[in-house]
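In this text the structure is predicted, and so the values were computed from the model without any measurement. Here is the naming used below: chain letters follow the sequence lines, and residue numbers restart at 1 for every chain.
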Amino acid sequence: MFKILHKKSLAPMVDEMVIDAPYVARHARAGNFVVLRLHEKGERIPLTIADSDYNNGTITLLFQKVGKTTNELGLTKQGDSIKDIAGPLGHPTPIKKYGHCVLVGGGIGTATLFPILKSLKDADNKTTVILGARTKELLVWEDRFRGYSDELVITTDDGSSGRKGLVTEALKEAIERVSVEIVITVGPIRMMKAVSELTKPYNVKTIVSLNPIMVEGTGMCGACRVNIGTKTRFACIDGPEFDGHEVNFQELENRLNFYKKEEEQSYNLFLRKTKRKVTSNETVM
Amino acid sequence: MKKCLLVTRHKSLVTVFKMRFRNPEKRKNDFKEVSLGLTERQAVKEAGRCLQCKKPHCVAGCPVEIDIPKFISFVKEKDYLGGLRKIREFNMLPAICGRVCPQENQCQGQCILGKKKRPVSIGALERFVADYELTSEKTEIPEIIPPNGHKAAVIGSGPAGLTVAADLAKLGYDITVFEALHEPGGVLTYGIPEFRLPKKIIRKEIEFVKNLGVKIVLNWVVGRTQTVEELFKDGFKAMFIGVGAGSPKYLGIPGENLNNVYFASEFLTRVNLMKAHKFPVYDTPVKKARSVAVIGGGNVAMDSARTALRLGAEKVYIVYRRTEHELPSRHEEVENAKEEGIEFLFLSNPKEIIGDDKAYVKELRCDKMVLCEPDASGRRRPECSGEEFTLDVDQVIMAIGQTSNPILVRSIGGLNLWGEGYIKVDHDGRTNLKGIFAGGDITTGAATVISAMGAGKRAARAIDDYIMGRTVGAIHELPLQ
Ligand SMILES: Cc1cc2nc3c(=O)[nH]c(=O)nc-3n(C[C@H](O)[C@H](O)[C@H](O)COP(=O)(O)OP(=O)(O)OC[C@H]3O[C@@H](n4cnc5c(N)ncnc54)[C@H](O)[C@@H]3O)c2cc1C
Ligand code: FES
């Protein structure tokens with residue numbers, strides 16, 4: 001059992017929780033994730049370790065309430081426990097002194113970027129962070145990011161915060177303005193795809209962090225397989241980070257939609273059981 | 001010119017004793033156990049057939065050398081718990097082995113009676129005594145062993161790991177088993193389906209191991225949650241690696257990543273470990289299909305096919321590139337699968353999975369094969385006949401083998417490996433690194449429950465020798481004295 005020490009809401013559908021998991025915290029590196037199962041009947045889902053505290057033995061997870069499991073996780077309270085957590089899993093992000101790094105985050109993907117940003121900064125890199133969201137209140141951890149970035153650009157679709165427009169526009173400007181060594185991007189598939197397509201002609205190394213469906217997360221089932229430069233790789237042990245210029249995003253998107261019907265069924269059942277009404281800003285994956 | 005044969009002879013199945021099985025029409029709709037085992041009367045009668053050979057070949061055929069005639073003599077005398085105690089001197093998991101061992105290639109395959117008639121059904125008898133304890137609730141409580149003050153770690157809780165743990169605990173060692181998943185048992189838990197090996201049997205046998213004082217820590221991915229060096233620092237004097245070979249192999253044909261193409265490992269894990277057949281009561285889903293092609297001919301393929309059938313498929317094919325004669329699966333499961341209506345397509349080699357415009361499986365294209373004359377090694381290789389055919393299926397399950405579980409192996413620097421990342425060991429499970437032992441599928445490639453247990457038994461003795469200072473504890477090194 002893993003105890004939830006703190007829990008709070010960050011944005012309308014985004015929660016943050018700090019969990020007591022000393023052994024995971026001890027080895028957690030930027031880019032790692034855990035697989036978690038809430039209870040006996042729960043599914044195993046991967047969540048990025050958004051932050052970890054070696055001394056206190058805690059990890060921080062951020063999650064967006066999109067389906068049954070994440071909404072159920074949203075109902076837990078400080079002091080509750082999570083049945084199973086295994087990790088840290090996945091390859092850590094390769095951290096070294098690159099020079100100028102641009103980090104592009106969208107939606108909940110920003111949670112994954114934060115530890116990467118911290119480590120890159122510790123390794124003496126210059127950092128530009130571009131965070132995109134639909135609207136102002138969906139932005140998370142802006143202040144934390146500000147503390148570690150040399151330049152922070154916010155873009156929103158509706159212009160309610162920062163620039164109005166897409167992250168790719170800001171990224172294009174950055175690449176044309178300064179010499180960028182590496183772009184690291186985490187967010188919705190379409191965003192990562194657009195970023196990878198944008199950087200390709202500029203020949204800028206681009207790392208994406210993929211989020212395929214996983215089952216056990218230890219390389220034993222192949223559920224998380226992705227197509228990288230025509231080779232099949234397992235995201236849980238070979239990734240989750242890959243060269244964005246080699247990823248078959250279309251296939252990934254197809255595979256992510258595979259259980260859509262079941263996900264809706266499970267979510268609706270959950271809503272009926274918990275007697276909650278779907279509010280306007282809740283969407284099923 | 002090589003001469004090729006299209007037809008092959010059928011394997012004789014008279015070696016299988018007709019146990020009681022549930023009606024195929026009923027059982028194919030649920031996940032309850034298919035084989036009902038022997039009645040007491042049948043068991044005593046079967047035990048009476050044993051010739052009690054002076055030099056028993058059956059024992060030589062058993063990878064853990066159970067004193068088979070002795071345990072059978074207990075059954076004949078109706079002292080079932082006595083029989084069980086005898087087996088447990090050699091094998092901690094009799095209810096499991098009685099159900100899943102390929103007895104026809106092992107003990108029963110060697111039985112002298114089998115030369116003329118039917119061999120003694122040793123596996124069924126083993127299962128009978130183990131089940132007798134389960135139903136009679138007269139659980140054998142193992143003796144409390146005085147601790148010897150030494151700690152050893154076991155990584156992976158499959159049959160290899162559980163055997164090492166039990167054997168060392170019986171010698172007084174303080175044993176902790178570390179398991180990556182949220183349940184112990186390895187393949188027994190996540191791979192082999194309920195209708196063949198009920199989970200309550202596994203739990204009960206694991207309970208027995210725990211009663212010996214063994215601690216099992218779950219959600220512990222060694223190499224990640226804790227490294228092997230850290231375990232040594234924590235005071236574990238030796239390490240046994242039994243992490244198995246669960247990582248799926250792929251065929252490398254077009255269409256493998258289409259929606260509704262599963263690796264057997266994923267398909268079975270969803271159902272067995274995550275209980276996806278009970279979705280939405282359990283949260284993990286699995287896709288039910290109308291028409292399913294399972295590629296492969298081993299136990300994994302049979303288990304996948306019969307699971308797909310139980311999830312509601314109207315038609316399930318086993319697509320195998322050799323003939324019935326070469327099927328590596330247990331005979332009993334092939335028979336069970338056939339009775340349940342699974343269709344076997346032999347000499348068929350998949351070449352492409354075709355998808356629809358939404359990237360879902362639509363068809364499987366296969367080459368028709370022919371078997372050639374045996375080559376120098378005596379094996380008959382399948383070759384394309386030039387003909388091909390297409391199956392109308394909406395799901396494909398690949399069960400063509402597994403390779404090493406990579407996480408731990410990749411995390412230990414300097415460990416000698418062979419093949420596709422398997423650990424190199426000597427006969428007793430010593431690796432090239434001092435104090436690190438290994439056994440089971442991670443050293444041999446995917447094999448059997450009982451061979452993993454046999455490796456576990458030998459490694460337990462070697463670990464004891466090492467910790468007690470009788471040997472150095474690494475491969476190719478001579479005993480100290
Ligand atoms: C579907 C299926 C059906 C089968 N049917 C039969 C049959 O009928 N008869 C038969 O004899 N054999 C059968 N087999 C083969 C048999 O199950 C295996 O040979 C046997 O289980 C191998 O045992 P093991 O202990 O080596 O490994 P496993 O049973 O694979 O156990 C390894 C364990 O180690 C854990 N692990 C992996 N990495 C780590 C890590 N880093 N840290 C901690 N834990 C880790 C895994 O999670 C797993 O639980 C079947 C296999 C499958 C897949
Ligand atoms: S989640 Fe099972 S192999 Fe990656």
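Of the listed residues (B/Thr403, B/Leu258, B/Val261), the one with the most heavy-atom contacts under 4.5 Å to chain A is B/Val261. For chain B, the option among A/Pro88, A/Gly217, A/Cys236 with the highest count of heavy-atom pairs below 4.5 Å is A/Pro88. Your options are B/Pro248, B/Ala276, B/Ser247, and the one with the most heavy-atom pairs under 4.5 Å with chain A is B/Pro248. Note: A/Leu89 leads A/Asn248, A/Ile45, A/Leu89 in heavy-atom pairs under 4.5 Å with chain B. When each of B/Arg410, B/Lys278, B/Gln402, B/Lys358 is checked for heavy-atom pairs under 4.5 Å with chain A, B/Arg410 comes out on top. With chain A as partner, the option from B/Thr284, B/Leu268, B/Leu273 having the largest number of non-hydrogen pairs under 4.5 angstrom is B/Thr284. Heavy-atom pairs under 4.5 Å with chain B peak, among A/Glu72, A/Lys261, A/Lys68, at A/Lys68.
For A/Asn254 against B/Asn259, the heavy-atom pair with the smallest separation is O-ND2, 3.0 Å. Closest approach of A/Glu40 to B/Tyr282, counting heavy atoms only: O-CE2, 3.8 Å.
In this structure, no portion of B/Val187 lies under 4.5 Å from any heavy atom of chain A. Using a 4.5 Å cut-off between heavy atoms, B/Asn405 touches chain A through its side chain atoms alone. For A/Glu262, the parts sitting under 4.5 Å from any heavy atom of chain B are the backbone and the side chain alike. Only the side chain of B/Tyr250 comes within less than 4.5 Å of a heavy atom in chain A; its backbone stays farther off. Neither the backbone nor the side chain of B/Leu218 comes within contact range of chain A; no heavy atoms are under 4.5 Å apart. Heavy atoms of A/Leu252 lying under 4.5 Å from chain B are absent altogether. When heavy atoms are compared at a cutoff of 4.5 Å, B/Thr225 approaches chain A by way of both its backbone and its side chain. The contact between B/Pro406 and chain A is made entirely by side chain atoms (from C-beta outward), counting heavy-atom distances below 4.5 Å. Looking at A/Arg26, the atoms closer than 4.5 Å to chain B (heavy atoms on both sides) all sit in the side chain, from C-beta outward. Of the two parts of A/Gln250, neither the backbone nor the side chain holds a non-hydrogen atom closer than 4.5 Å to a non-hydrogen atom of chain B. With a 4.5 Å cut-off on non-hydrogen atoms, B/Val286 touches chain A through its backbone but not through its side chain. In this structure, the portion of A/Ile85 lying under 4.5 Å from any heavy atom of chain B is its backbone and not its side chain. Heavy-atom distances place the side chain of A/Leu269, and not its backbone, under 4.5 Å from chain B. The parts of A/Thr232 that come within reach of chain B are both its backbone and its side chain, each placing non-hydrogen atoms under 4.5 angstrom from that chain.
A salt bridge does not link A/Lys41 to B/Asp283: none of the charged side-chain nitrogens sits closer than 4.0 Å to a carboxylate oxygen. Between B/Glu256 and A/Arg225 there is no salt bridge, since none of the side-chain N atoms of the basic residue sits less than 4.0 Å from a carboxylate O of the acidic one.
Taking CE of A/Met1 as the start and CG of B/Asn219 as the end, the distance is 11.0 Å to the nearest 0.5 Å. One finds the OH atom of B/Tyr360 at 7.0 Å from the CG atom of A/Asn257 (value rounded to the nearest 0.5 Å).
Between A/Val215 and B/Met274 the shortest side-chain heavy-atom distance falls below 4.5 Å. The closest side-chain heavy-atom distance from A/Cys221 to B/Phe263 is not below 4.5 Å. For the pair A/Glu216 and B/Glu266, the minimum side-chain heavy-atom distance is 4.5 Å or more. You'll find the side chain of B/His182 stays beyond 4.5 Å of the side chain of A/Lys83, heavy atoms only. Counting only heavy atoms from C-beta outward, the side chains of B/Glu183 and A/Asp84 never approach each other to under 4.5 Å. Between B/Phe279 and A/Gln265, the closest side-chain pair of non-hydrogen atoms falls below 4.5 Å.
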Fill in: Intermediate values then yes/no, side chain to side chain contact (heavy atoms under 4.5 Å, CB included), A/Arg44 and B/Thr269
CA-CA 11 Å; A/Arg44 292 170 67 98; B/Thr269 301; over 6 Å; no
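Considering B/Glu230, B/Gln226, B/Arg224 as possible partners of A/His27, the one that fulfils the side-chain hydrogen bond (donor to acceptor under 3.5 Å, both in side chains) test is B/Glu230.
More than 12 heavy atoms of other residues, nucleotides or ligands shown are found within 6.0 angstrom of NZ on B/Lys215. Summarising the local packing, CZ of B/Arg290 is surrounded by more than 12 heavy atoms from other residues, nucleotides or ligands at distances under 6.0 Å. Within a 6.0 Å sphere centred on NZ of A/Lys193, heavy atoms belonging to other residues, nucleotides or ligands number 12 at most.
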